[in-house]
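Below is one structure; the comments refer to it alone.
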Amino acid sequence: MIHVLGIDTSCDDSCVAIINDEHKILSNVVSSQTEFHRHFGGIVPEVASRKHLEYLPSVLDQALKDAHLTLRDVDLVTVTQGPGLLGSLLLGMCLAKTIALVGDKPLLGVNHLEGHLFAIRLEYPEIQPPFVALIVSGGHTEIIAVEDWGKYYLLGSTRDDAAGEAYDKISKFLNLGYPGGPIIDHLSEGAQSNRFHFSAGLEDDGTLDFSFSGLKTAVVRCYSRLGEEEKKDKELIRDLVASFQESAVRVLVNKTFRALEMKGFSQIVVGGGVAANRHLRRKMKEEGEKRGVRVFFPSLSLCTDNGAMIAACGLFHWKKGERDSWDMEPDPRLPLVSTE
Amino acid sequence: MKIIARWQSKSEEETQKRGEELAKKFFHPGDLVIVAGELGVGKTQLVKGIARGLGIEEEIKSPSFSLVNEYKKGDFTLYHLDFYRLEKEEEVIDLGWEEYQEDEKGIVIVEWGDKFSSLFPPPFFWVHLSYGGEEIRYIEVFCYDSCSG
Ligand SMILES: Nc1ncnc2c1ncn2[C@@H]1O[C@H](COP(=O)(O)OP(=O)(O)O)[C@@H](O)[C@H]1O
Ligand SMILES: [Mg+2]
């Protein structure tokens with residue numbers, strides 16, 4: 001049995017996981033998880049690379065403990081090489097190299113976006129490409145044609161703000177809190193999503209690209225025009241965010257299915273933090289049922305950033321004989337490329 | 001401090017054009033540009049234009065999440081930063097932003113830079129965007145200390 005360690009520090013969370021070569025998750029620890037918080041004694045969220053330095057050792061410890069393993073049992077070390085914030089990537093990379101070097105274990109750098117594609121494999125090992133993937137998060141909005149594992153074509157992406165970024169910005173602007181995704185999703189439940197009509201940008205332009213900055217500005221303008229009483233009207237604010245969510249989800253669903261038609265594929269995989277959004281899940285499934293298309297969503301803990309998906313992706317490349325050397329460096333703008 | 005430009009823009013395209021103009025007329029390697037203004041007012045749109053004016057061909061995307069995006073052309077680098085998500089000065093310093101500033105050949109542009117303006121010693125450019133009507137925006141450009149022109 002092979003044990004694969006997966007490390008991801010591409011953004012704010014420190015993530016470490018261990019899987020085996022049957023894609024079974026033995027542990028999956030993320031620094032923002034409440035269980036981890038409890039062990040660590042409470043964390044004030046902070047956007048800083050040096051936070052990884054503080055959390056990584058305990059996240060690693062916890063991952064080993066949960067898996068009932070020691071570092072000696074790890075057979076392969078995988079780590080996110082990019083894209084992401086350089087300072088943060090460096091710390092994950094440094095940990096990975098140290099473990100690999102000290103224990104004389106093979107090392108593999110993984111593309112974070114490709115990692116998101118592999119998340120689905122941990123729960124649906126039977127899924128076989130080709131499929132169209134939609135990766136949506138705070139930093140990503142990408143439609144990718146997965147012709148095969150390792151063979152990708154970027155079909156479309158955002159030209160300005162990512163989908164999750166629009167959620168966060170609007171939520172903060174309306175003083176609803178952070179993170180905006182789950183908050184707006186929750187508030188929108190049962191609200192009137194047709195009370196306001198927002199264009200989601202590039203809706204009918206024929207491309208598979210997105211633009212969420214116009215939607216963001218439209219919601220800001222709409223709110224600013226409200227009277228003082230209206231601004232305090234909780235129902236109205238719920239309708240406002242529900243209408244925003246309706247537009248955002250509509251354009252995500254429409255473009256993903258358009259991509260599917262263009263490619264002639266019959267499966268869709270959704271990943272990234274926004275894939276946890278209930279309205280998106282519902283609308284995708286509905287449309288899929290209508291068209292006889294299977295739509296796969298990872299479970300919530302595998303939608304958001306995690307080390308397990310990095311390990312799964314690394315395992316695939318390792319099995320193909322790929323190895324990385326000690327002088328591997330993080331690349332903040334690492335592009336998603338095909339390997340075959 | 002002196003004001004070097006004041007415009008009204010009626011569209012996204014016009015704002016981008018103004019950005020292009022700013023880049024060509026005023027900005028030089030080593031410069032720091034702070035872009036201030038409310039959410040959704042058009043800061044990133046303006047930076048798209050500035051980048052074009054600086055000869056960058058890639059699409060400029062919002063760095064709110066990634067915190068910094070680097071665009072290269074030869075040995076010139078455009079550092080596009082965004083402090084929207086940052087709450088503390090330490091977070092800014094942790095970004096390694098002093099290194100970006102030390103690149104004499106690069107230009108640093110910071111959206112929401114006004115949040116931590118005490119961290120910037122002049123000289124720098126300060127672009128302020130504000131809402132007018134529906135698609136109307138006001139663009140004011142200031143220069144703090146010995147900016148070239
Ligand atoms: N005159 C204008 N100048 C700039 N943007 C405009 C203008 N009129 C409308 N817009 C729209 O406003 C939005 C500005 O978004 P963005 O540049 O992301 O804002 P910010 O970066 O300030 O949050 C874009 O969708 C753009 O199309
Ligand atoms: Mg912006």
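Here the structure is a predicted model, which is why all the values come from computation and not from measurement. Every chain is numbered from 1, with letters handed out A, B, ... down the list of sequences.
Separating the NZ atom in A/Lys169 from the OH atom in B/Tyr84 is a distance of 6.5 Å, to the nearest 0.5 Å. Here A/Thr217 contributes atom OG1 and B/Leu39 contributes atom CG; the two are 7.0 Å apart, rounded to the nearest 0.5 Å. Atom OG in A/Ser157 sits 3.0 Å away from atom NZ in B/Lys61 (nearest 0.5 Å). Remark: B/Glu135 CD to A/Arg221 CZ distance equals 9.5 Å, nearest 0.5 Å.
For B/Ile93, no part lies near chain A; criterion is any non-hydrogen pair under 4.5 Å. Contacts between B/Glu12 and chain A at a heavy-atom distance below 4.5 Å are absent for every atom of the residue. In this structure, the portions of A/Ser49 lying under 4.5 Å from any heavy atom of chain B include both its backbone and its side chain.
Between B/Arg85 and A/Asp168 there is no salt bridge, since no side-chain nitrogen of the basic residue lies less than 4.0 Å from a carboxylate oxygen of the acidic one.
Heavy atoms of other residues, nucleotides or ligands lying less than 6.0 angstrom from NZ of A/Lys231 number more than 12. Few gaps surround CG on A/Asp205; more than 12 heavy atoms of other groups in view lie less than 6.0 Å from it. Other residues, nucleotides and ligands contribute more than 12 heavy atoms inside 6.0 Å of the CD atom of A/Glu203. Counted within 6.0 Å of CD on B/Glu58, heavy atoms from surrounding residues, nucleotides or ligands total more than 12; the atom is thus considered enclosed. Atom NZ of B/Lys17 is surrounded by 12 or fewer heavy atoms from other residues, nucleotides or ligands within 6.0 Å.
Between the side chain of A/Arg50 and the main chain of B/Glu91, no donor-acceptor pair closer than 3.5 Å is present. Looking only at distances, a side-chain donor or acceptor of A/Arg333 sits under 3.5 Å from a matching main-chain atom of B/Glu70.
Nearest approach of B/Ser62 to A/Asp161, heavy atoms of both residues: CB-OD1, 3.2 Å.
Among A/Ser88, A/Gly138, A/Gly87, A/Cys11, the residue with the largest count of heavy-atom pairs under 4.5 Å with chain B is A/Gly138. Options B/Gly96, B/Ser64, B/Ser66 differ in how many heavy-atom pairs under 4.5 Å they form with chain A, and the most are formed by B/Ser64.
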